[in-house]
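For reference, the structure is listed below as C-alpha cells.
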Amino acid sequence: MVSTELIIKIGQILVFPGFLFLIFYALFAEWVDRKFFARLQNRIGPLHTGWKGILQPLADLIKLLAKEDITPEAADSVVFATVPIILFAIPLTVMFMVPIIGPKAYISFEGDLIVILFLFTLTVLSVFMAGWGSLNRFGTVGGLRTSLQMLSYEIPMGVAAVGPAILAKSLSLSGIVAWQGRSMSLFLENPTEFSLALGIAKASVLALGFGIFTICMLAELEKVPFDIPEAETEIVGGWQVEYSGKKLALLRLGGDIKLVAASALMTSLFLGGPLGPWPIPPALWFLLKTILCVMIISNLRALFARYRIDQMINWMWKNLVPLSLLYILAIELMAVLM
Amino acid sequence: MIHFSTGGCNGCDIELVAALTPRFDIERFGALLKGSPRHADVLLVTGAVTRQVRDRLIRIYEQMPEPKFVVAIGSCAISGGVFQGCYNVTGVDNALPVDAYIPGCPPKPEAIIDGIVKLLKKLGY
C-alpha cells in the first residue's frame, strides 16, 4: 500500500502535474503565444514544424541545447552559469504551489501566496545578477532596468494579489481557490437580492484587481509594453545578451514556465483556478483558463509599443499605485459588509 | 538570424525587413530576427563589404556560437555589384565562409525566403 502511494506521489512530481507536464505545457503555451501574436499582426506564425508549427518551440529548444555554449572571458563564470538554473527552478517551484488537478495544490500551506510573491521578486534579483555577471554593457544596463522596473510594479502586484486573500481570509492559494468555489455554491443555495448585489460588487472590484495584476504580470514577464530590460532594438538583448547554447535554452524554457506560472496565478487568484461546471474535469478547466490568460497577455503584447523606463515608472507610481490603494480600500469595505 | 549591413544602399535591407512583415512572414519557417549575435544561427550579410567594416563583420561572426551559417544577400554582397573593383571593397567571400548566396539587386523577399529555406534543406531540416 505504502509503495503504491509512493509511486503515485513520485509520478505526480515527475509526470503529471509535475515536471514533464509543466515543461510540455510551457512549450505549448509559447506556441499559443507566438501563433496568436502572429495572427493578431496578420501574419501566419510558425507553420511547417509539426501540425501548424506546434513543435516549433520544442525544435528551438533542442537546437539551442545542441549549440555551442560560450562563456565570455570577462564574465563571472559562477554567477553566469548558476542564474539560468535558478531562473528555470523558480517558476517550477511556483507551479507546485498552484492548484492544478483539484482545489488543493501539491504543496499548500498557510502563507504560500507570500512565498510565491517572494519567489517572483527573487527572479528579478537573479535577472539582475545575470546582467551584472555577464559583464557586458548591454547586460548591465538590462539588469539595472529590471530592478528599476521592479521598484514600480512590485507594490501594485502585491496589493492586487492580497485582495482576494482578504476576502477569502486565507493567505494560501488553495484556500483562495476553495473560497471562490464555496462562495459560488453558497450563493446558489440562497440567492437573495442583497447577496446578488454584494456578489456583483465583489466581482467588479476583483475585475479591477485582475486588470492591475495583469499589467504587473506583463512587467514581471518582460512582455512588450514593459520589455524595457530586454529591448532588442536599443540594448540588443538586455540581460540575456551574452547567453547562448544550453544556458539560453534554460532561460527560454524558464521564461515559458514563468509565462504559465503567471497565467496560473491570474487564474487561481481571480478566475477560480481549476474549479468549473461539472462535465469538464478540473485539470482541463485549469488548462482552458490559463490559455485564456496567455492569450490576454499576447493580445496586450500585440496592442502596445514599448514604453521608456521613466515613462513606465512615472505611470506606475502616479496611476497604478493609487488605483491599487483604492482597490484595496473597496476590498476592505466589502470584507466589513460580509 | 541576425542581420548585418556592411555598407550598401539599404535596398537589400528593406527587402529583408519586408520578409518579416505580414505579407511574407518568415516566422512560418521558424526564423526570427534576433538582436544579439549570441542568440543567432545565421548571419545575413547585405552590402559590399568595405575595408572599414570587414573587421567588425568578422568580430560579429566570431561572437556567434557554433554551428553557424552565413548568407550573402544581394549582388553587392556576392560579387561587389556595381562597386566591383573599387579600392575599398573586399567582398564577403574574402572574410567569411558563405553557405548560401541570394542574388538580385535587390533580391525580392520571396527570393530571400527561398534562399533561407534552401539553407534549411541543406542542413537536413
Side-chain angles (χ1 to χ4, degrees), chain A residues 30-31 34-35 37-50 52-72 75 80 134 136 138-139 142 227 230-249 251-252 302, chain B residues 1-5 13-14 16-44 56-70 96-97 99 109-110 112-125:
Chain A
E30 190 200 335
W31 173 72
R34 273 171 76 168
K35 195 81 182 167
F37 183 61
R39 289 310 298 153
L40 288 173
Q41 290 185 336
N42 228 348
R43 292 188 291 124
I44 295 173
L47 185 67
H48 290 282
T49 323
K52 292 200 185 287
I54 198 167
L55 295 177
Q56 190 64 53
L58 185 64
D60 287 354
L61 186 73
I62 293 169
K63 179 208 81 182
L64 282 176
L65 284 175
K67 276 187 76 99
E68 187 191 357
D69 192 354
I70 300 173
T71 305
F80 193 72
S134 60
N136 182 304
F138 297 120
D227 71 332
E230 51 186 68
E232 289 202 337
T233 41
E234 36 184 299
I235 49 170
V236 196
W239 54 276
Q240 295 183 348
V241 68
E242 288 288 0
Y243 282 94
S244 63
K246 290 184 210 65
K247 298 195 182 89
L248 185 64
L251 281 180
R252 283 190 52 154
Chain B
M1 295 193 324
I2 183 168
H3 169 215
F4 187 65
S5 173
D13 306 334
I14 292 167
L16 177 62
V17 171
L20 307 167
T21 52
R23 194 172 176 88
F24 302 102
D25 190 21
I26 207 164
E27 202 192 348
R28 284 179 291 153
F29 304 99
L32 290 170
L33 195 66
K34 286 285 173 190
S36 164
R38 296 253 195 255
H39 301 178
D41 313 306
V42 182
L43 177 64
L44 307 169
R56 283 135 182 110
L57 180 67
I58 292 172
R59 197 190 303 158
I60 294 274
Y61 180 74
E62 279 169 354
Q63 280 173 349
M64 287 166 63
E66 292 279 354
K68 51 195 168 186
F69 308 97
V70 179
L96 304 172
D99 295 271
E110 289 99 320
I112 295 176
I113 292 172
D114 187 49
I116 286 167
V117 170
K118 274 187 182 145
L119 177 67
L120 284 171
K121 282 217 178 100
K122 192 174 139 190
L123 304 177
Y125 164 78

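Throughout, a chain's letter reflects where its sequence line sits, starting with A, and its residues are numbered from 1.
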Between the side chains of B/Glu27 and A/Arg34, is the shortest nitrogen-to-carboxylate-oxygen separation below 4.0 Å, so that they form an ion pair?
yes
Nearest heavy-atom contact between A/Pro72 and B/Arg38 is CG-NH2, 4.2 Å
A/Asn42, A/Leu248, A/Val241: which one forms the most heavy-atom pairs within less than 4.5 Å of chain B?
A/Val241
Enclosure of A/Lys63 NZ (heavy-atom neighbours >12, cutoff 6.0 Å)
yes
Side chain to side chain, A/Lys67 and B/Pro67, heavy atoms closer than 4.5 Å
yes
Mind checking the CD-CG spacing from B/Glu66 to A/Asp69? Nearest 0.5 Å is all I need.
13.0 Å
Distance check, rounded to the nearest 0.5 Å: A/Arg43 atom CZ versus B/Arg23 atom CZ?
15.5 Å
Measure the CD1-CD1 distance between A/Ile44 and B/Ile26 for me, rounded to the nearest 0.5 Å.
12.5 Å
Tell me every residue that passes side chain to side chain donor-acceptor pair (under 3.5 Å) with A/Lys52, counting only those two or more places apart in sequence or in another chain.
none
Name the region of A/Gln41, side chain, backbone, both or neither, that has any atom closer than 4.5 Å to a heavy atom of chain B.
backbone
Straight-line distance of B/Ser36 OG to A/Phe138 CZ, nearest 0.5 Å:
9.5 Å
Just how far is it from atom CD of B/Glu62 to atom CD1 of A/Ile70, taken to the nearest 0.5 Å?
10.5 Å
Smallest separation among heavy atoms of B/His39 and A/Tyr243, with atom names:
CD2-O, 3.2 Å
